[in-house]
Amino acid sequence: MSNSEIARVLQETADLLELTGGNPHRARAFSRAARSLGNLQDSAVDRLGDGTLTDVSGIGEAMADHVAEIAGDGSFDLHDELLSSVPPGLMDVMQVKGLGTKRTRRLWIELDVTSLDDLEQAAKNDQVTTLDGFGAKTQQNILENVRQLRRYNERWRLAEAWAATEPFLQDLRTEGAVERAEFTGALRRHRETVEYAEVLAATEQPNAVQDWARARLKDPTARNSSSQIEGTLEEGVPVRLHLISPGQFGTAWWRTTGSPAHCTAFEDTCGAPAPHAREEGVFAEANLPVIPPELREDRGEFDLAGDSPPALLTQEDLHGCLHNHSTYSDGSNSLREMAEAAQDRGFSYFGICDHSQSLRIAEGLSPEEVQRQRAEVDRLNEDFAEKDPQFRVFHGIESDILRDGSLDYDTDVLDTFDFVVASIHTGFNMTEEEATQRLVRAVENPYTRILGHPTGRLLLQREGYPVDHARVIDACAEHGVALELNANPYRLDLDWRWIRRATSQGALVSINPDAHAAQKIDYLRWGVAVGRKGWLTPDQCLNAKSLEDFTQWLDEEGP
DNA sequence: GCCGTTTTCGGCCCGACTGTTTTCAGTCG
């Protein structure tokens, strides 16, 4: 059982304790343990084995026992007891933005709200405002946020859908009746969120594959006679499996990959493609270069005509890994561990960008801590210079952009960093004009080198602040500031739809993992996936620069 | 339930923001 699965049970226990009126400090202990486990490098189960789990901060003897029990059978006594004492739908109610454990509990006890449907009905019937402390505005927000939650619940983040579907695809490939199987649909196009996963399999025996899928999926349903079967993976991700004879695989792969807009535009000019075994045949027949699947959105990919498509960025093109956190702020690995993890992955430079002083919750660095960290970066670089002169650590900071658009340190502190990533973390409730001005002012600051997660969105969790992307991008281009494409699968922000605007203006895009733990450096994969979707090429990507070129970029464009 | 200690209990991340109040509770990051 993975750390994150164990952490989920512990976090749910924390919520249940508060919902049922338990000791809030005890609840927080569960919450803290869950977070510790989520960020833990090595396997909690392994640590149970060698008795070192209690060395992890926030995990004592009792918590370690709970973890052992969860690792064994997926849950533990306290969790089961609490879960059976609340209505099953109540956990959904608590997912509504603005409803924490306290308000959810009152809605449950005082209005008998036990599901999203109940909540929506109570708000529509004007019952919510009858509770002390709940006004008209709160009731209105509840209605809107229930609708938003329902929309979110219908979709899956790219990385989650991919991870859930991959084992299914691997197993499918080992099936005797299957000649070939591939991802297709929105997943293959690297959409940031998808409604369902799609897989295409080539087979001469569709019925045998259907039987296999029926046994493998929850709630399987056949569609279009025997050419499609739908069902749900264990993780809850809906999957649609298309079956096609090997001779027609290529054309079917093209069509199921979509997007519908791409296929329609294709057929309007080139006609419907004949059956092909290989997808290349579809494009050859139309005298088109093979258009990479990520680009098939009818957003200019046909303008390529006879030209070969752009050589899109690959993970191998990345030489640097900028914007990472350490235990100096809210990361879970030391600066040295983080740098070494980057080195192990073959990067030639690493940027440490812990949080700045005003972000207290994330233990943002005081000017004194900045100085201390600078000294450690210098020591690390001396060490690396001996062992691996081709590797270097850069001292950066993720500086908060304050409400007025200024950065979070005086210039004498800002002067000591190798580079500054400027990001907004507070005060999201802005008009588009306010947000845009705040960002543009930060971009105009000569110390800013990268604009961090430009909209602050969390996919399927929170809309970002509204931003006039064009103005912000143009300001970045003008001031030599790179735009971050934050590779955290919950962010993928800059949105891919704006990447071509940025690159066409000459602004660089920096694909940053925003890693709060060593293994999360691997988030870069999703940043690359979405960067490709925005037509990003290596020369347009800041951290695809060599160590030498990156150093030069810092020197040339710096304050 | 964890942790640290002036060590076996007492306190527990902290400030901003929102919507409700009329001084604050709840939520969020």
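The figures here come from the full heavy-atom set of this structure, side chains too, leaving out hydrogens, waters and symmetry mates. Quick note on labels: first sequence line is chain A, next is B, and so on, each numbered from 1.
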Student: Counting the atoms with a prime plus P, OP1 and OP2 as sugar-phosphate, which does A/Ile59 contact under 4.0 Å by heavy atoms, base, sugar-phosphate, or nothing?
Tutor: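 It contacts sugar-phosphate atoms only.
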
Student: Do the charged groups of A/Arg106 and A/Asp132 touch, with an N to O distance under 4.0 Å?
Tutor: no

Student: Using a heavy-atom cut-off of under 4.0 Å over every strand shown, decide if A/Ala136 touches base, sugar-phosphate, or nothing.
Tutor: sugar-phosphate

Student: Please determine if A/Arg155 and A/Glu160 form a salt bridge, counting it only when a charged side-chain N lies under 4.0 Å from a carboxylate O.
Tutor: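 A salt bridge is absent here (no side-chain N lies under 4.0 Å from a carboxylate O).
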
Student: Roughly how far apart, to the nearest Å, are B/dG1 and B/dT6 at atom C1'?
Tutor: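 Comparing C1' positions in B/dG1 and B/dT6 gives a spacing of 24 Å.
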
Student: Expressed as a whole number of angstroms, how long is the span from A/Arg35:CZ to B/dC28:C1'?
Tutor: 13 Å

Student: Rounded to the nearest angstrom, tell me the gap between atom OH in A/Tyr465 and atom P in B/dG29.
Tutor: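 The distance from OH of A/Tyr465 to P of B/dG29 comes to 13 Å, rounded to the nearest Å.
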
Student: Tell me which of A/Gln139 and A/Gly100 sits closer to the 5' end of DNA chain B, going by the nucleotide each one is nearest to.
Tutor: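 Counting from the 5' end, the first nearest nucleotide belongs to A/Gln139.
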
Student: Ring centroids only, cut at 6.0 angstrom: are A/Phe394 and A/Phe550 within range, meaning strictly under it?
Tutor: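 Here the rings of A/Phe550 and A/Phe394 have centres that are less than 6.0 Å from each other.
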
Student: Return the value, rounded to whole Å, for the distance between atom CD1 of A/Ile142 and atom P of B/dG26.
Tutor: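 Atom CD1 in A/Ile142 sits about 14 Å away from atom P in B/dG26.
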
Student: Could you give the distance separating B/dC17 and B/dT8 at their P atoms, to the nearest angstrom?
Tutor: 42 Å

Student: Aromatic rings A/His66 and A/Phe30: how do their planes relate, parallel, tilted or perpendicular, breaks at 30° and 60°?
Tutor: parallel

Student: Could you check how far CG of A/Asp330 sits from P of B/dC14, rounded to whole Å?
Tutor: 15 Å

Student: Give the nucleotide from the list B/dG19, B/dT27, B/dG1 with an atom nearest to the side chain of A/Thr138.
Tutor: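 Side chain of A/Thr138 sits closest to B/dG19.
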
Student: Determine the interatomic distance between C1' on B/dG10 and the same-named atom on B/dT20; round to the nearest Å.
Tutor: 33 Å

Student: Could you state the atom-to-atom distance from NE2 of A/His516 to P of B/dG29 in whole Å?
Tutor: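 The answer, rounded to whole Å, is 14 Å.
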
Student: Mind telling me whether A/Trp526 and A/Trp162 have parallel, tilted or perpendicular rings, with 30° and 60° as the class edges?
Tutor: perpendicular

Student: Quickly work out the A/Lys102 NZ to B/dC28 P distance and round it to whole Å.
Tutor: 12 Å

Student: Nearest of B/dT27, B/dG1, B/dC28 to any side-chain atom of A/Arg26?
Tutor: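 The answer is B/dG1.
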
Student: Could you walk me through whether A/Asp117 and A/Ser115 satisfy the side-chain hydrogen bond (donor to acceptor under 3.5 Å, both in side chains) test, starting with their C-alpha distance in whole Å, then the side-chain angles of each, then the deciding distance to 0.1 Å, before giving a yes or no?
Tutor: CA-CA 5 Å; A/Asp117 285 342; A/Ser115 69; 5.1 Å; no

Student: Given the P atoms of B/dC3 and B/dA16, what is the spacing between them in whole Å?
Tutor: 29 Å

Student: Which of the following nucleotides, B/dG26, B/dG1, B/dC28, is nearest to the side chain of A/Lys97?
Tutor: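 Side chain of A/Lys97 sits closest to B/dC28.
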
Student: Polar pairs (N or O, both sides) under 3.5 Å between protein and nucleotides 15-18 of chain B?
Tutor:
from, atom 1, to, atom 2, distance (Å)
B/dC17, OP1, A/Arg403, NE, 2.8
B/dC17, OP1, A/Arg403, NH2, 3.2
B/dT18, OP1, A/Asn429, ND2, 2.7

Student: Mind checking the C1' distance from B/dC28 to B/dC13? Whole angstroms is fine.
Tutor: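 One C1' to the other, the span is 13 Å.
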
Student: Between A/Asp514 and A/His323, is any side-chain donor less than 3.5 angstrom from a side-chain acceptor?
Tutor: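 Checked: A/Asp514/A/His323 side chains pair up, N/O donor to acceptor below 3.5 Å.
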
Student: Would you say a side-chain N or O of A/Arg28 is under 4.0 Å from OP1 or OP2 of B/dC13?
Tutor: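 Yes, such a contact exists.
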
Student: On a whole-Å scale, what distance lies between the P atoms belonging to B/dG11 and B/dT21?
Tutor: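 After rounding to an integer number of Å, I get 32 Å for this pair.
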
Student: With sugar-phosphate meaning primed atoms plus P, OP1 and OP2, does A/Glu61 contact a base, only sugar-phosphate, or nothing at under 4.0 Å between heavy atoms?
Tutor: sugar-phosphate

Student: Give me the distance, rounded to whole Å, that separates B/dT5 from B/dG15 when you measure between the P atoms they each carry.
Tutor: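 The same atom, P, in both gives a distance of 22 Å.
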
Student: Over all strands shown, is A/Arg105 touching base, sugar-phosphate only, or nothing at heavy-atom distances under 4.0 angstrom?
Tutor: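 No contact.
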
Student: Between B/dC2, B/dT27, B/dT20, spot the one nearest the side chain of A/Ala62, thanks.
Tutor: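 Closest nucleotide among those given: B/dC2.
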
Student: Write down the distance separating the P atoms in B/dC14 and B/dG4, rounded off to the nearest Å.
Tutor: 15 Å

Student: Atom CG of A/Leu99 and atom P of B/dT20: how far apart are they, to the nearest Å?
Tutor: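 Result: 13 Å.
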
Student: Give the rounded distance in Å between these two atoms: CG of A/Leu131 and P of B/dG19.
Tutor: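 The distance from CG of A/Leu131 to P of B/dG19 comes to 17 Å, rounded to the nearest Å.
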
Student: Given B/dG29, B/dC3, B/dC13, which nucleotide is nearest the side-chain atoms of A/Arg32?
Tutor: B/dC3

Student: Strictly by Watson-Crick or wobble contacts shorter than 3.5 Å, is anything paired with B/dG26, and which nucleotide is it?
Tutor: B/dC17

Student: Which pairs count as salt bridge (Lys or Arg N to Asp or Glu O under 4.0 Å) when at least one residue sits in residues 5-23 of chain A, sequence neighbours excluded?
Tutor: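 Every salt bridge (Lys or Arg N to Asp or Glu O under 4.0 Å) pair that includes a residue of residues 5-23 of chain A, provided the two are not neighbours, is A/Arg8-A/Glu12.
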
Student: Is it true that A/Asp495 and A/Arg501 have a side-chain N and a carboxylate O under 4.0 angstrom from each other?
Tutor: no

Student: Answer yes or no: does a side-chain N or O of A/Arg106 lie under 4.0 Å from OP1 or OP2 of B/dG26?
Tutor: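 Looking at the OP1 and OP2 atoms of B/dG26, neither is under 4.0 Å from any side-chain N or O of A/Arg106.
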
